2 protein chains.
Amino acid sequence: MEQNVIDASGLLAISTRLQRLSDQIRKDGLLIYKAFGIDFQPKWFPVLYTLYKKSTMSVVSLSDEIGYAHPSTISLLKELEKEKLIRSKKDKVDTRKRLVELTEKGTALLATMEPVWEVIIKATADITNTQNNLMKAINEVEATLKEKSFLQRAEVYFRK
Amino acid sequence: MEQNVIDASGLLAISTRLQRLSDQIRKDGLLIYKAFGIDFQPKWFPVLYTLYKKSTMSVVSLSDEIGYAHPSTISLLKELEKEKLIRSKKDKVDTRKRLVELTEKGTALLATMEPVWEVIIKATADITNTQNNLMKAINEVEATLKEKSFLQRAEVYFRK
DNA sequence: GCAATATATGTAGTTAACTACATATATTTG
DNA sequence: CAAATATATGTAGTTAACTACATATATTGC
């Protein structure tokens with residue numbers, strides 16, 4: 001059981017570790033879509049999946065839903081528009097808003113992806129089905145952080 | 001218990017979730033160092049901490065240790081050299097190698113950081129001390145992935 | 001002991017998120 | 001109802017990692 005210095009530093013490097021794992025999973029995700037012959041980038045997933053489930057949304061509500069800053073969403077939408085997977089129109093009631101939806105091509109693509117998602121879900125269940133479940137741990141940590149931020153918690157120990 | 005579409009997609013979005021959490025923790029980390037009046041960026045942590053523990057290392061072995069691609073390490077080292085926190089010299093045995101070590105300033109900085117780490121360790125223990133322990137979950141998942149990659153696992157379900 | 005291969009370092013350019021700022025429209029308030 | 005404030009979208013520039021490629025030195029194998 002060799003261990004590197006960063007692992008040994010335990011909790012200190014948690015952010016680094018999370019990022020590394022995220023990266024690894026994303027890259028494998030790309031390979032899986034390729035293996036299925038589907039022209040799809042994992043980074044598109046949050047936007048497309050949300051539109052698939054909610055049909056029409058404004059830019060900001062979409063950003064909130066997927067947890068991205070709105071400029072990130074805008075640049076994804078530009079890319080998806082170029083791919084003709086989504087389109088948008090003005091909201092007639094609130095003209096500030098731009099309403100985004102899947103095109104027929106987009107809907108069709110997502111339909112072909114459903115079986116791939118099933119495979120991904122199974123493979124991910126596979127890897128997270130350990131003593132401490134990663135998805136559950138993330139959910140729990142995010143809930144804990146919502147209650148009281150990391151900084152606020154640190155401040156308590158700081159004063160002691 | 002409101003839930004957004006991405007959360008509801010469960011395992012599919014795991015990479016996105018990991019990244020978001022990593023970012024949040026990193027930002028709070030930066031605030032904590034600031035609160036302690038320490039001029040330090042969380043991204044420096046892996047390199048500096050490893051040098052603190054191992055004294056002298058080559059660029060590639062350092063990269064392996066912290067799990068980064070070597071160009072990432074090189075650019076961190078450049079930055080740290082500008083800050084006069086590290087220095088480097090040629091290996092006399094293998095002249096390809098550049099040996100990196102902390103300067104006195106670097107060592108001094110890290111010494112002042114030890115109490116901050118304690119606070120960070122406590123605060124992180126706080127947030128990860130949930131039913132499913134995040135650090136343990138990460139360790140377990142990484143070990144599982146080392147055995148057999150995500151793609152290889154997906155391929156098994158693909159064939160079924 | 002030289003040719004082929006492997007390893008170490010470095011540079012250039014990419015990526016996918018971010019923050020800060022700008023502008024247009026809606027909503028609220030005195 | 002006009003001024004002040006809030007919200008929605010968009011642009012520009014930054015960041016922190018990456019991959020691909022280039023070069024120099026070391027090691028291996030015939």
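Chain letters run A, B, ... following the sequence lines, proteins first and then strands; every chain starts at 1. Just so we're clear, the structure is a prediction, and the values are computed from it rather than from any experiment. Only this structure's heavy atoms are used, side chains among them; waters, hydrogens and symmetry mates stay out.
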If I take atom NZ in residue A:Lys90 and atom C1' in nucleotide D:dT9, what distance separates them, rounded to the nearest angstrom?
8 Å
Just by distance, no angles: are the side chains of A:Glu65 and A:Tyr49 close enough, under 3.5 Å, to form a donor-acceptor pair?
no
Value in whole Å for how far the P atom of D:dG10 lies from CG of A:Leu62:
12 Å
Does B:Arg98 make a side-chain donor-acceptor contact with the base of C:dT9, cut-off 3.5 Å?
no
Proximity to the side chain of B:Asp23 - top-ranked nucleotide from C:dC18, D:dG10, C:dT9:
C:dC18
Specify the separation, in whole Å, of atom CG of B:Leu21 and atom P of C:dA17.
16 Å
Nucleotide nearest B:Pro71 when distance is taken to its side chain, options C:dC18, C:dT9, D:dA20
D:dA20
Just to confirm, is there a sub-4.0 Å distance from OP1 or OP2 of D:dC18 to any side-chain nitrogen or oxygen of B:Ser72?
yes
Which nucleotide, D:dT11, D:dC18, D:dT9, lies nearest any side-chain atom of A:Lys78?
D:dT11
Looking only at atom types and distance, does a side-chain atom of B:Ser88 sit under 3.5 Å from a main-chain N or O of B:Val100, one as donor and one as acceptor?
no
When both hydrogen-bonding distances must be under 3.5 Å and the geometry is Watson-Crick or G-U wobble, what is D:dC30 paired with, if anything?
C:dG1
Side chains of B:Asp39 and B:Tyr33: is there a donor and an acceptor less than 3.5 Å apart?
no
Less than 4.0 angstrom from a charged side-chain N to a carboxylate O is my criterion; do B:Lys34 and A:Glu155 meet it?
no
What is the distance, rounded to the nearest whole Å, between atom CD of B:Gln19 and atom P of D:dT15?
18 Å
Look at the side chain of A:Arg96 and the base of D:dT9, then say whether one donor and one acceptor between them are separated by less than 3.5 Å.
no
Rounded interatomic separation in angstrom, taking NE2 from A:His70 and P from D:dG10
8 Å
Among C:dT25, C:dA17, D:dA17, find the nucleotide with the atom closest to the side chain of A:Tyr68.
C:dA17
Of A:Val93 and A:Lys43, the one whose closest DNA chain C nucleotide lies more 5':
A:Lys43
C:dA22 - base-pair partner by Watson-Crick or wobble geometry, distances under 3.5 Å:
D:dT9
From C-beta outward on A:Ile74, which listed nucleotide comes closest to its side chain: C:dA26, D:dC18, D:dT9?
D:dT9
Find the distance B:Glu79:CD to D:dT15:P and express it as a whole number of Å.
9 Å
Students often get this wrong, so: under 4.0 angstrom with heavy atoms, is B:Ser75 touching a base, only sugar-phosphate, or nothing?
nothing
Would you kindly give the CG-to-P distance between B:Leu18 and D:dA17, to the nearest whole Å?
16 Å
Classify B:Val59 by what it touches in the nucleic acid, base, sugar-phosphate, or nothing, heavy-atom distance under 4.0 Å.
sugar-phosphate
Protein-nucleotide distance (A:Ile66, atom CD1; C:dA16, atom P), rounded to Å:
14 Å
With the side chain counted from C-beta on, respond yes when B:Lys54 and B:Leu62 share a heavy-atom pair under 4.5 Å apart, and no when they do not.
no
For the backbone of B:Met57 and the side chain of B:Ser61, can you confirm whether one donor and one acceptor N or O come within less than 3.5 Å of each other?
no
